Amino acid sequence: MYDSKYWKHGRNVTVRQLYEYLQEHIPDDAIVCIGGSSEIYTHLSMDGSAFSLDFDSLSDLEEYDGREPTELLDGN
């Protein structure tokens with residue numbers, strides 16, 4: 001069950017805006033879930049203008065061919 005006061009919608013939210021909202025309103029030890037999954041992947045466009053948090057590895061994309069994602073918490 002979810003707390004309705006934290007039901008939010010955003011469009012074109014910057015990393016800084018998301019970071020500041022999370023830091024101010026969400027407990028530091030809350031697990032991040034995307035699409036209901038606690039397994040997450042990050043993607044950054046080549047020009048750095050778009051950052052994506054996803055539940056899909058998108059491993060079928062050409063730019064990821066022959067690669068595996070590194071672990072987020074390994075500092076890479």
Side-chain angles (χ1 to χ4, degrees):
M1 181 167 255
Y2 295 111
D3 186 334
S4 62
K5 75 179 181 181
Y6 293 98
W7 190 27
K8 306 292 183 188
H9 170 262
R11 178 172 286 126
N12 298 323
V13 176
T14 67
V15 170
R16 179 179 304 280
Q17 289 168 324
L18 178 60
Y19 172 78
E20 289 172 353
Y21 174 80
L22 293 174
Q23 194 172 39
E24 186 175 334
H25 299 285
I26 307 301
D28 289 343
D29 59 351
I31 294 172
V32 175
C33 295
I34 307 293
S37 174
S38 63
E39 189 167 347
I40 65 170
Y41 295 88
T42 63
H43 310 279
L44 184 66
S45 65
M46 292 297 285
D47 67 1
S49 66
F51 175 69
S52 177
L53 292 173
D54 208 326
F55 62 88
D56 188 341
S57 71
L58 303 179
S59 61
D60 59 335
L61 294 177
E62 182 178 321
E63 57 267 40
Y64 295 153
D65 189 37
R67 301 189 62 169
E68 292 292 326
T70 57
E71 291 299 316
L72 183 66
L73 300 180
D74 283 347
N76 297 321

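All heavy atoms count here, side chains included; hydrogens, waters and symmetry mates do not. Keep in mind that what you see is a predicted model, and the values were worked out from it rather than measured.
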Undergrad: So, for S38 and I31, which heavy atoms are closest and what is the spacing to 0.1 Å?
TA: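 In terms of heavy atoms, the two residues are closest at CB-CG2, 3.9 Å.
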Undergrad: Which residues pass the ring pair (Phe, Tyr, Trp, His ring centres under 6.0 Å) test with Y64, sequence neighbours left out?
TA: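 With neighbours one apart ignored, the set is H43.
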Undergrad: Once you round to the nearest 0.5 Å, how far does CG of L44 lie from OG of S49?
TA: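 So the CG of L44 and the OG of S49 are separated by 8.0 Å.
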Undergrad: With distance as the sole criterion, is a donor-acceptor pair present between the side chains of Y19 and Q23 under 3.5 Å?
TA: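 Indeed, the side chains of Y19 and Q23 share at least one donor-acceptor pair under 3.5 Å.
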Undergrad: CG of D29 to CD1 of I26: how many Å apart, nearest 0.5 Å?
TA: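 Taking CG in D29 and CD1 in I26, the distance rounds to 11.5 Å.
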Undergrad: So does D47 have more than 12 non-hydrogen atoms from other groups sitting under 6.0 Å from CG?
TA: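 More than 12 heavy atoms, drawn from other residues, nucleotides or ligands, come within 6.0 Å of this atom.
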Undergrad: Taking atom CD as the centre, does E63 end up with more than 12 heavy-atom neighbours from other residues, nucleotides or ligands that are less than 6.0 angstrom away?
TA: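 Yes - once you tally the heavy atoms of other residues, nucleotides and ligands closer than 6.0 Å, there are more than 12.
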Undergrad: Mark yes or no for whether E20, through its side chain, and Q17, through its backbone, hold a donor-acceptor pair below 3.5 Å.
TA: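 The answer is no, because no donor-acceptor pair under 3.5 Å joins these two groups.
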Undergrad: Name the atoms and distances for all side-chain donor-acceptor pairs under 3.5 Å in residues 54-61, with sequence neighbours left out.
TA:
from, atom 1, to, atom 2, distance (Å)
D54, OD1, D56, N, 3.0
D56, OD1, L58, N, 2.9
S57, OG, S59, N, 3.2
S57, OG, S59, OG, 3.3

Undergrad: Any idea which heavy atoms bring I40 and V32 closest together, and the distance?
TA: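 That closest heavy-atom pairing would be CG2-O, 4.1 Å.
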Undergrad: Taking all non-hydrogen atoms of both residues into account, name the closest pair between L18 and V13 and its distance.
TA: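 Heavy atoms of L18 and V13 come nearest at N-CG1, 3.8 Å.
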Undergrad: What side-chain donor-acceptor pairs closer than 3.5 Å can you find for residues 2-11, not counting sequence neighbours?
TA:
from, atom 1, to, atom 2, distance (Å)
D3, OD1, K5, N, 3.1

